[in-house]
Structure formats: structure tokens, C-alpha cells
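Counting convention: from 1, in listed order, for ligands and their atoms alike.
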Amino acid sequence: MKNTVLIILSLVVLSCSNNYDTYKSIDHSLADYNIIPKPSHLEVLKGSFKIDENTSIYSDSLLNTETDYLESTLKAITNFSVTRSTKKDDSKNIISLELSDNIKAEEGYTLEVLYNKIDIKAKTTKGAFYAIETLKQLLITTQTEPETQEYLIPATRILDEPRFAHRGMMLDTGRYFYDIEFVKQFIDLIALHKMNVFHWHLTEDQGWRIEIKKYPKLTEVGAWRNGTEIGRTPGDKSDNKKHGGFYSQDQIKEIVAYASLKHVTIIPEIDMPGHNGAAIASYPYLSCFPEEVTKMNDNIISEKTKELLDSGVKKVVQESWGIKADVLCAGKESTYTFYENVLAEVAALFPSKYIHIGGDECLKDNWKRCPHCQEFIKENNLKDEEELQSSFINHMSDFLNGKGKKIIGWDEILEGKVTPNATVMSWRGVTGGIQAAKQGQEVIMTPREPYYLDYYQVADTINEPLTVGGRGPNTVEDIYLFNPLPSELTESESKNILGIQGNLWTEYISTPNYAEYMLLPRMTAISEVAWSKESDKKDYEEFLQRLKVFKKNYIKMDVNYAKHVFKD
Ligand code: ACM
Ligand code: ZN
């Protein structure tokens with residue numbers, strides 16, 4: 001009996017003491033630290049910190065949200081429920097999180113892992129969040145297979161801060177609707193990679209995805225199409241399947257709150273004046289020619305839509321891809337009123353300082369023959385349809401400026417007259433970005449080569465799923481080695497480049513599984529360019545070694561990923 005009590009007592013003492021001596025002297029090499037994006041500075045230290053049932057967290061009350069996140073993250077990975085400590089006691093097995101003015105960068109942090117404690121310091125809640133992401137990556141990537149149930153984090157001292165302020169990813173939910181579970185997972189992926197912007201493409205010719213209270217038909221009519229072309233444009237037939245969906249304003253609020261917890265800003269995109277087929281199908285007066293039937297590609301109209309057109313309906317949601325001629329009429333007052341009302345609701349829903357209003361690929365054919373547009377051009381002394389486009393964009397920009405917002409537009413907004421205060425997303429290469437940066441405008445670099453993730457990801461495309469126009473490849477290596485700061489820019493002009501972004505257009509990407517395949521691991525390469533300092537990022541082979549271990553994060557999240565770079 002006495003012996004049993006002694007054994008139990010000593011077992012309790014042993015487990016409480018965390019057996020520090022065992023973990024104090026573990027040796028590590030750089031290969032044990034597989035963090036992406038790569039931190040600015042990382043020291044390899046001796047020892048490992050063990051997460052167990054006695055681990056506790058001490059934190060500043062201002063970091064409560066981040067501490068909750070750390071606690072639930074540790075629980076999800078280790079199944080241990082860590083306790084909260086009210087004081088910082090280094091003799092314990094403790095993780096502390098503190099805000100500190102010694103950290104200079106807004107999103108910067110330090111993370112010190114020793115055998116007996118982990119210290120996180122950050123200037124802001126954002127930095128603390130990124131420190132937790134780093135800790136999470138260290139924990140996940142050091143798990144052995146099969147998992148031993150012993151959770152060790154290699155000791156290190158990390159000083160880290162981002163290179164660019166804008167580290168974005170775009171998801172096109174217009175071509176295919178993705179439910180809010182996938183949208184949340186997309187945000188999780190952004191956060192995993194220390195990216196901070198979710199550019200949410202919400203409106204298209206093929207679907208309008210955001211509830212607008214003042215114009216309910218946008219989602220009653222515009223959120224649905226009766227079929228989709230099969231095969232690459234020009235496809236040969238319709239699948240005759242109804243497709244669609246939209247996000248209610250309550251769901252949008254839920255997503256905005258979710259993103260905010262992960263320090264991700266959502267920039268909504270309401271594309272105009274092109275790419276508006278779904279809005280026009282809902283409210284035909286938005287077109288220059290409400291009485292003209294929507295031009296469809298003949299052999300890919302769904303049966304249902306044929307019936308609608310036969311019954312006298314004039315405007316329908318597009319069922320094929322490509323650039324469409326039926327755009328917003330920029331000469332009628334009613335178009336401006338409509339879009340001001342739409343933007344007022346959008347601006348109220350999204351706290352982001354920026355609202356994206358598209359501006360890309362607007363064909364001018366209708367404007368050239370529209371009496372309203374021509375009259376508007378004459379009355380406002382505009383030179384041509386290009387200036388009509390910039391006048392339209394300027395109008396919406398002024399309207400949003402009045403609501404305390406700034407616009408972002410695709411690089412077509414550089415055509416015609418300048419839109420002051422507008423941020424330019426350079427997608428047709430970097431030329432637009434260079435021009436905008438030189439004239440003092442803010443720029444986000446997202447050149448389609450290499451940042452469009454709907455393009456092929458390998459040169460040998462035989463076994464690859466269908467992609468847009470057969471374009472690419474944009475390989476992981478292309479993305480990793482691409483320099484988003486063109487040499488044409490001076491140092492001070494380069495400061496106008498806010499950052500970079502990867503874009504996932506979804507004409508040919510209809511499922512979450514396929515979307516993930518196109519995103520990963522290319523998004524991981526984008527994140528390193530977005531976050532890590534220039535000097536650290538050019539050794540592709542070294543990146544690949546880290547990536548091979550980093551992929552455990554994908555597995556932990558249960559997301560699909562392309563395997564090409566992991567084959568040998
Ligand atoms: C775009 O790819 N149309 C911006
Ligand atoms: Zn018109």
C-alpha cells in the first residue's frame with residue numbers, strides 16, 4: 001500500500017516536471033525548421049519545448065482573441081487543453097504572448113522557443129497572430145509518422161516581419177459558386193501563409209453572388225444559370241444543369257467576422273462596366289439595348305434558356321465563357337443610380353478601406369452605337385469611348401471616396417483619363433503597374449504570368465484537368481523566381497507597389513477539390529515572395545526542401561494539393 005502511494009506520487013511529480021532534462025539537450029539542424037514563408041531571421045537552438053497537459057498560456061488581455069486561437073489550435077493538433085496562467089512564471093511549462101513596442105514593424109513579431117518556455121512578442125495583434133501561425137507550422141511539420149503523441153517544438157529564436165503590406169489571394173465565385181464552408185477554408189489557407197487579403201470576386205456575366213436588399217432580382221434571377229458549356233470555349237454543348245447560389249448579407253457578415261479573427265481583410269469586387277450579364281438579366285434597363293436578346297453561343301444554350309428566349313424573355317444569364325458585348329450603359333442616369341445604391345450596400349457590409357470595381361475587359365461596341373452613351377460623350381466633352389469608361393470609373397470612385405473608401409481597378413482603368421486615388425491591379429503583365437507606380441498611383445502586382453492560378457501548373461499537360469485557353473504553365477518555380485518589383489522602377493517608385501496577389505479564376509474550376517489542386521502548392525510559393533525579404537527568396541531548391549515538409553500543413557487541413565513537385 002505504502003509503495004503504491006509512493007509510486008503514484010513520484011509519477012505525479014515526474015509528469016509535472018515535464019522531464020526537462022530529456023528535452024533540454026536535443027540537437028537540431030536547419031532542416032528541422034520548415035516554415036513558409038521563410039522568416040527574416042531564424043536561429044537554430046538546442047532543446048525542444050514539449051506541449052503536454054501541464055502547458056499553460058500567459059497573455060496580455062489585449063491578446064485574448066489570439067490566445068483563444070492559440071488554445072484551440074493546440075487542442076486541435078495535440079488534443080491537450082492548455083490552462084491559462086495569470087502570471088509569467090518561467091520555471092513552468094509556459095507560453096507567453098505579449099505586446100511590445102520594441103517590435104518596430106506593424107505586423108512583425110519575435111518568437112523564442114526554449115526547452116521550458118515559449119515567448120511571443122509583437123507590436124500588434126496581427127504580429128501575435130503570425131507568431132502563432134509560425135508556432136503552429138513548427139508543431140505540425142515536426143510531427144513524425146506515425147504520430148507519436150509527443151508534441152515537441154524545436155527551440156529557436158525568430159525575428160520576422162513582412163516584405164509587402166498587401167499579400168492577397170483572389171477567388172472568383174462568379175463563374176462557379178463556392179459555399180461559405182469553402183470560403184472559410186480559403187481564408188484559413190490565406191492565414192496559414194501569413195497573407196492578409198481575400199479579394200472576393202462576387203459578380204460576373206455568369207452569376208451575381210451577393211444579396212443586395214434594394215435589388216432582389218440580382219440574386220433571384222442573376223444568381224442562377226440554366227446550364228454551362230461543356231469543354232473549353234467554344235464548347236460544343238450545354239450540360240443543361242442549373243447552377244448558382246449567392247451569399248446572403250448575414251452570411252457575408254459571418255465571413256467578414258471570420259476573416260477578421262484571422263487578420264484577413266476582405267476586398268469585395270463588384271465588376272463594372274463590363275462582365276455584367278447577370279445584372280443585366282436581372283434588370284435589363286442596365287443595358288444600352290434592353291430590347292436586344294442576350295447574345296449566346298448558339299450550340300451551348302441550355303434547353304431551359306431556349307424556352308425562355310422563345311417565350312419572349314430578352315436578357316438571360318450567360319452560360320458560356322469569354323468576354324461579352326452586352327455591358328452596362330454608361331450614358332443613362334439610371335445605371336449610375338443603380339450602381340451607387342449597390343455600392344452603398346457593399347461599402348456598409350465590408351470594413352475594408354478598398355472596394356474593387358473591376359473595370360476590365362469592357363467591350364465598347366454597344367457604346368459606339370448607343371444614343372445615350374454618345375450623347376453623354378458629347379455633353380461631357382469626352383474624346384471617345386475610352387474616356388467614357390474612365391468617366392464612369394471616376395464617377396464610382398468619387399462616390400466611394402465620399403463613403404470613406406478607395407477603389408481598386410484592373411489595369412484597364414489606366415486607359416482614358418486618370419482616376420485619382422485609384423489603386424491599380426496590374427494583370428496584363430507588369431506594364432500597367434509600372435506606368436501607375438511612375439505616376440504615383442498605388443499598385444498591386446498580379447501579372448497573369450505567373451500569378452494566375454487557373455493556368456496550367458506544369459508543361460506536360462496530358463494528365464492535367466482542362467484549363468482556360470490552355471494557358472501556362474505557371475509553375476511553382478516560375479512563381480517563386482518571379483521578381484514583382486520591375487527594374488524600371490526607382491526605389492521611391494517601388495514604394496508604390498503595395499504587394500502581390502494570386503488569382504484563381506474559376507471558369508473551368510467547378511469544385512473545391514479542383515480549386516485546391518490549382519491553389520496548392522503554388523499559393524505557398526506566392527506567400528513566400530509576398531512575405532519574405534528579397535535576399536532570402538531566390539534559392540528554389542532550398543524552398544522546395546522546406547515545401548516538401550511544409551505539405552504536412554495541407555494534410556492536417558485535409559485539403560487537396562498538386563503532387564508534381566513532390567514526386568522525386
Ligand atoms: C482579368 O483577368 N480579366 C482581370
Ligand atoms: Zn449606352
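- Note on the Zn ion (ligand 2): protein N/O/S atoms under 2.8 Å are Cys288 SG, Cys329 SG, Cys370 SG, Cys373 SG.
- Interface atoms of ligand 1 facing Trp505, defined by a heavy-atom separation under 4.0 Å, are 1 (C), 2 (O), 4 (C).
- Within the 4.5 Å cutoff, the side chain of Leu192 has no heavy atoms near those of the Asp188 side chain.
- Only the side chain of Glu361 comes within 4.0 Å of ligand 1, counting heavy atoms alone; its backbone N, CA, C and O stay farther away.
- For Arg522 (side chain) and Met518 (main-chain N/O), a donor-acceptor pair under 3.5 Å exists by modelled atom type.
- Residues satisfying the side-chain hydrogen bond (donor to acceptor under 3.5 Å, both in side chains) test with Tyr178, not counting sequence neighbours, are none.
- Ligand 1 has no nitrogen or oxygen under 3.5 angstrom from a nitrogen or oxygen of His275.
- For Lys332 (side chain) and Ser287 (main-chain N/O), a donor-acceptor pair under 3.5 Å exists by modelled atom type.
- Taking atom 3 (N) of ligand 1 as the reference point, the nearest protein heavy-atom neighbour is Asp360 OD2, 2.7 Å.
- Annotation: atom 2 (O) of ligand 1 to nearest protein heavy atom, Tyr452 OH, 2.6 Å.
- Looking only at distances, no side-chain donor or acceptor of Lys364 sits under 3.5 Å from a matching main-chain atom of Gln389.
- In terms of heavy atoms, Thr305 sits closest to Met296 at CG2-CE, 4.1 Å.
- Between Tyr247 and Phe177, the ring center distance clears the sub-6.0 Å criterion.
- Side-chain rings of Tyr451 and Trp427 stay apart, their centers remaining 6.0 Å or farther from each other.
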